[in-house]
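In what follows, every heavy atom counts, from backbone to side chain, and hydrogens, waters and symmetry copies are set aside.
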Amino acid sequence: MTAGAQYPVVNVFTGGILICGLLLVAGLPPVADFSARILVRLDRIALAANLKEDIDLPREARRINLLRIALGLVFLWRWSNLLPLALMVQDDLVSYVTAFLAVLTGVCLTVGFFTPVASMALLLGAIFSFDLGFSAGTLGTHVLLMANLPLLLFPAGTALSLDARLMRSRGMLGSMVRGLYGLVGTPSMARSRIGRLFAVISYCCLCLYSILWHLDDPAWLKGYANLQVLSGFYLSRYPDFFQWLYHAHPPIAIALSQASIYMMMIWEMFFSVFLFGRFTRYYVLWIGAIFLCISGFVLQLSYLPWVEVVFFTLVFWQDWWLNVGGRRSLTVFFDDRCRLCDGTMRFLSKVDLFGIVSPSGLSRSREQVAAAGLTEAEVMEDLCGRAGDGKLYRGYDLYLELTRRVLLLLPAWPLLLIGKLTGLGPLIYRTIAARRRRIFGTCSPSMITADDFRPVHAADIVAIPPRLLWPSAFALAYLFLLICYVVGTLPYGQSLWLKHPSTSVIYAASYNYGLVPINVFNKQDLAMENNFVTIEARRADAPNEEVLLPYLDRNGRRLGWNRSDRFYFGNSVLLRRSMIEYHNYCFLDADRHLRIFRPLLKLAAAQGYVAPYKVTYYSIPRWDYAQIRDPAHKSFVPYKVCEITLGEDLTVKSRTEFGPVNIPDTN
């Protein structure tokens with residue numbers, strides 16, 4: 001990336017592309033016709049790539065918006081971990097404003113308040129304002145922007161949102177929301193497919209750029225990269241296990257590493273092609289699922305795995321729990337004069353997002369009850385359900401089946417299953433069911449009907465016009481930057497655009513659409529394990545005891561401060577990368593180290609630590625699997641290289657060298 005002074009220019013340029021697209025489409029009929037034809041062709045490509053749904057638009061709107069909520073929650077979770085420590089060292093007005101805007105954007109996206117504006121704020125601000133404002137740039141944010149593309153183009157916010165409620169109101173706020181969605185036009189299945197196609201294209205570009213680097217990396221070509229990452233103290237949650245596996249069973253460890261790395265390389269190289277095949281699509285899905293499980297529960301990759309869960313769900317979730325073709329439908333017969341039964345059905349109407357349940361009150365459904373093979377006495381005694389295949393469920397079994405079929409109730413299914421297996425669940429159910437009228441009382445016949453369960457789309461109710469102005473302009477802007485990325489960035493290790501300061505903004509603007517060149521888990525990241533530092537100091541309340549600051553432990557594992565991306569990406573990663581080629585670190589690099597240590601020591605002072613600070617440098621010289629394949633020569637033990645004592649002003653008070661051990665060992 002080029003100089004930081006260009007960051008505001010990038011957002012202005014990105015917004016300018018969109019505005020130019022709007023003006024062209026609105027002002028020039030030939031451009032509008034051309035854009036409309038482009039959208040049709042893009043939709044055909046999306047259909048060919050299996051990015052389709054067999055559900056109606058209201059259900060698709062609920063699916064998209066449910067994932068919008070998930071994306072917003074992941075975004076807020078990340079910032080809740082990042083900000084508390086970050087604001088201790090960045091206590092200036094700009095940082096507080098940036099933090100407020102980031103959290104506000106996440107809240108608006110989650111609750112669905114002026115959702116298109118929140119999505120646009122993510123597009124323009126996620127990287128060059130929010131992340132870089134706190135030195136916390138990460139691949140997770142780039143994938144988040146990919147997942148944001150369908151939300152912008154669909155657009156999200158017309159279901160499961162405050163916007164959907166406000167559209168129906170007659171006040172000024174409701175008029176503003178209707179006007180906003182009137183500008184972007186009504187959602188459609190075609191817009192959903194094209195938005196997800198853009199997200200997939202961005203992800204494919206990321207994979208292709210990544211594989212170009214992997215093909216130039218010995219650790220990937222020889223198949224050791226995964227083993228090296230998993231056994232490293234810095235990136236892995238369970239390094240001891242993988243180190244033991246390598247020492248105890250080296251052929252197994254190496255074989256697993258090579259098999260997984262080659263399957264991953266095939267996955268990255270052919271991701272886009274495999275989507276078009278019926279069976280190869282499953283390869284993409286399951287390799288992706290395995291990667292997400294490993295990156296989420298074995299590796300430590302900040303919020304990247306959880307953003308990718310949302311992204312892959314957005315792309316591949318097209319059937320399960322969506323009630324496609326009514327295959328999961330369940331008719332529920334209930335005592336409609338019982339308050340508890342009526343309340344249960346009203347609760348189900350709130351959580352059943354995809355119209356799976358069809359309520360049938362006894363007072364108005366005696367013929368349907370008889371046709372299902374039930375008696376009135378059975379319905380009076382228990383809630384009863386009939387599936388599309390005619391199978392009947394009664395009482396506790398019906399509740400168990402509902403938690404299996406209704407998506408939002410799925411977390412309760414294991415608990416109810418345990419209750420079923422132990423017999424405790426049916427016992428509690430029967431105790432309450434036998435006394436429900438006496439405990440909860442009776443009511444007039446319930447008025448709840450199937451219409452209360454049927455998904456409703458707010459855009460249909462308020463008659464938002466089906467305008468193509470916004471999707472056409474958005475598609476033009478995306479395709480322009482995609483062409484620039486493919487021509488000027490994808491074939492090069494360094495972008496063609498970066499060779500010319502006047503065009504470097506094009507390179508950076510593509511980041512906002514998820515078109516990003518990455519270089520991760522290659523030589524640089526793998527070599528981060530070689531060298532690290534620990535910091536020790538005394539607490540003000542215990543001046544005689546020197547303790548390790550919660551930064552890194554003496555094996556290089558991350559401690560509490562690294563849970564904040566501000567200190568993981570903004571300090572820890574930068575420091576370790578700066579030390580990769582060092583052979584003698586008993587000095588402070590004025591250009592690199594001082595700006596890394598300064599916020600660390602400021603945070604230490606804010607948490608009650610006092611100078612002097614003892615910085616100890618460690619090295620693990622025998623690290624590279626590609627060079628040291630014999631377990632007898634492989635070492636995971638860090639060696640102490642030197643110690644530097646720093647004053648509060650970062651001046652060096654003392655220096656002790658222990659030996660030049662950071663020498664590559666190729667035995």
K.L.:
Classify the ring geometry of W470 against F474: parallel below 30°, tilted from 30° to 60°, perpendicular beyond 60°.
P.N.:
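Tilted: the ring planes of W470 and F474 meet at 30° to 60°.
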
K.L.:
From L145 CG over to I127 CD1, what is the distance, rounded to the nearest 0.5 angstrom?
P.N.:
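One gets 4.5 Å once the value is rounded to the nearest 0.5 Å.
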
K.L.:
Any donor and acceptor pair, going by atom type alone, linking the side chain of S119 with main-chain N or O of P116 inside 3.5 Å?
P.N.:
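Side chain of S119 to backbone of P116, a donor-acceptor pair under 3.5 Å: no, none is there.
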
K.L.:
Look at the side chain of W220 and the backbone N and O of F521, then say whether any donor-acceptor pair between them is shorter than 3.5 Å.
P.N.:
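Checked: pair present.
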
K.L.:
How far does CG of L496 sit from CG of L490, to the nearest 0.5 angstrom?
P.N.:
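L496 atom CG to L490 atom CG measures 12.5 Å (nearest 0.5 Å).
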
K.L.:
Just by modelled atom types, is the Y507 backbone N or O under 3.5 Å from a matching donor or acceptor in the S510 side chain?
P.N.:
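Looks like yes, one N/O pair under 3.5 Å.
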
K.L.:
Could you measure the distance from the CG atom of L73 to the CZ atom of R68? Nearest 0.5 Å is fine.
P.N.:
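It comes to 9.5 Å.
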
K.L.:
L42 pairs by side chain to side chain contact (heavy atoms under 4.5 Å, CB included) with which of L197, L47, I201?
P.N.:
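Only match with L42 under side chain to side chain contact (heavy atoms under 4.5 Å, CB included): L197.
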
K.L.:
Taking the inter-plane angle between the rings of F480 and F13 on a 0 to 90° scale, is it parallel (under 30°), tilted (30 to 60°) or perpendicular (over 60°)?
P.N.:
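Because their plane-to-plane angle lies in the 30° to 60° range, the rings of F480 and F13 count as tilted.
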
K.L.:
Any side-chain to backbone donor/acceptor pair from D565 onto A136? Under 3.5 Å, distance only.
P.N.:
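A pair under 3.5 Å: no.
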
K.L.:
Any side-chain heavy atom of L407 within less than 4.5 Å of one from L353?
P.N.:
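They are not in side-chain contact.
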
K.L.:
Could you walk me through whether R577 and L574 pass the side chain to side chain contact (heavy atoms under 4.5 Å, CB included) check?
P.N.:
CA-CA 5 Å; R577 284 179 174 172; L574 290 180; 5.7 Å; no

K.L.:
Would a distance-only check, ignoring hydrogens and angles, find a side-chain to backbone donor-acceptor pair under 3.5 Å from S295 to P305?
P.N.:
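No; judged by distance alone, with no hydrogens or angles, the pair does not exist.
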
K.L.:
Evaluate the criterion side chain to side chain contact (heavy atoms under 4.5 Å, CB included) for residue pair R563 and Y568; output intermediate values, then yes/no.
P.N.:
CA-CA 7 Å; R563 294 193 187 100; Y568 173 48; over 6 Å; no

K.L.:
Quick test of your reading: applying ring-ring contact (aromatic ring centres under 6.0 Å, His included), list the pairs with at least one residue in residues 136-157, sequence neighbours left out, ordered by first then second residue.
P.N.:
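Every pair satisfying ring-ring contact (aromatic ring centres under 6.0 Å, His included) with a residue in residues 136-157: H142-Y511.
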
K.L.:
With side chain to side chain contact (heavy atoms under 4.5 Å, CB included) as the test, pick out the partner of V111 among L162, I69, D163, L160.
P.N.:
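Running side chain to side chain contact (heavy atoms under 4.5 Å, CB included) over L162, I69, D163, L160 with V111 returns exactly one hit, L162.
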
K.L.:
Does the side chain of S572 come under 3.5 Å of the side chain of Y234 through a donor N or O and an acceptor N or O?
P.N.:
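Note: S572 and Y234 side chains meet the donor-acceptor criterion.
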
K.L.:
Taking Y203 as the fixed residue, which of F198, F311, Y513 is the one that meets the ring pair (Phe, Tyr, Trp, His ring centres under 6.0 Å) rule?
P.N.:
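The residue from F198, F311, Y513 that satisfies ring pair (Phe, Tyr, Trp, His ring centres under 6.0 Å) with Y203 turns out to be F311.
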
K.L.:
On the six-membered ring of F276, is R281 placed so that its NZ or CZ lies under 6.0 angstrom from the centre and within 45° of the ring axis?
P.N.:
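That pair does not qualify as a cation-pi contact.
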
K.L.:
Which pair of non-hydrogen atoms, one from T141 and one from R78, has the smallest distance, and what is that distance?
P.N.:
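What the structure gives for the nearest pair is OG1-NH1, 3.7 Å.
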
K.L.:
Do D525 and R576 meet the salt-bridge criterion of a basic N to acidic O distance under 4.0 Å?
P.N.:
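The answer is no: the pair does not qualify as a salt bridge.
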
K.L.:
For the residue pair T14 and N11, confirm or rule out a side-chain donor-acceptor distance under 3.5 Å.
P.N.:
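No.
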
K.L.:
Give a yes or no on whether the ring-centroid distance for F134 and W79 is below 6.0 angstrom.
P.N.:
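Yes, they do, as the ring centres are separated by less than 6.0 Å.
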
K.L.:
Is a donor on one side and an acceptor on the other found under 3.5 Å between the side chain of R63 and the backbone of Q318?
P.N.:
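It does not hold such a pair.
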
K.L.:
Can any side-chain N or O of N571 pair as donor or acceptor with the backbone N or O of P599 at less than 3.5 Å?
P.N.:
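Not confirmed, N571 side chain does not pair with P599 backbone.
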
K.L.:
Using side-chain heavy atoms (C-beta onward) and a distance below 4.5 Å, is Y485 in contact with Y209?
P.N.:
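With C-beta onward as the side chain, the pair touches.
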
K.L.:
Give a yes or no on whether the backbone of Y551 and the side-chain of N562 come within a donor-acceptor separation of less than 3.5 Å.
P.N.:
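Such a contact is found between N562 side chain and Y551 backbone.
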
K.L.:
Answer yes or no: is there a donor N or O on one side and an acceptor on the other, between the side chain of D91 and the main chain of L87, under 3.5 Å?
P.N.:
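No, because the side chain of D91 does not come within donor-acceptor range (under 3.5 Å) of the backbone of L87.
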
K.L.:
Do the ring planes of F312 and F316 sit parallel (below 30°), tilted (30 to 60°) or perpendicular (above 60°)?
P.N.:
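If you compare the ring of F312 with that of F316, the planes turn out parallel.
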
K.L.:
For the residue pair S175 and R178, confirm or rule out a side-chain donor-acceptor distance under 3.5 Å.
P.N.:
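Looking only at side-chain atoms, R178 and S175 do form a donor-acceptor pair, the distance falling under 3.5 Å.
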
K.L.:
Please confirm whether the backbone N or O of L304 pairs with a side-chain atom of S302, one donor and one acceptor, at under 3.5 Å?
P.N.:
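No.
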
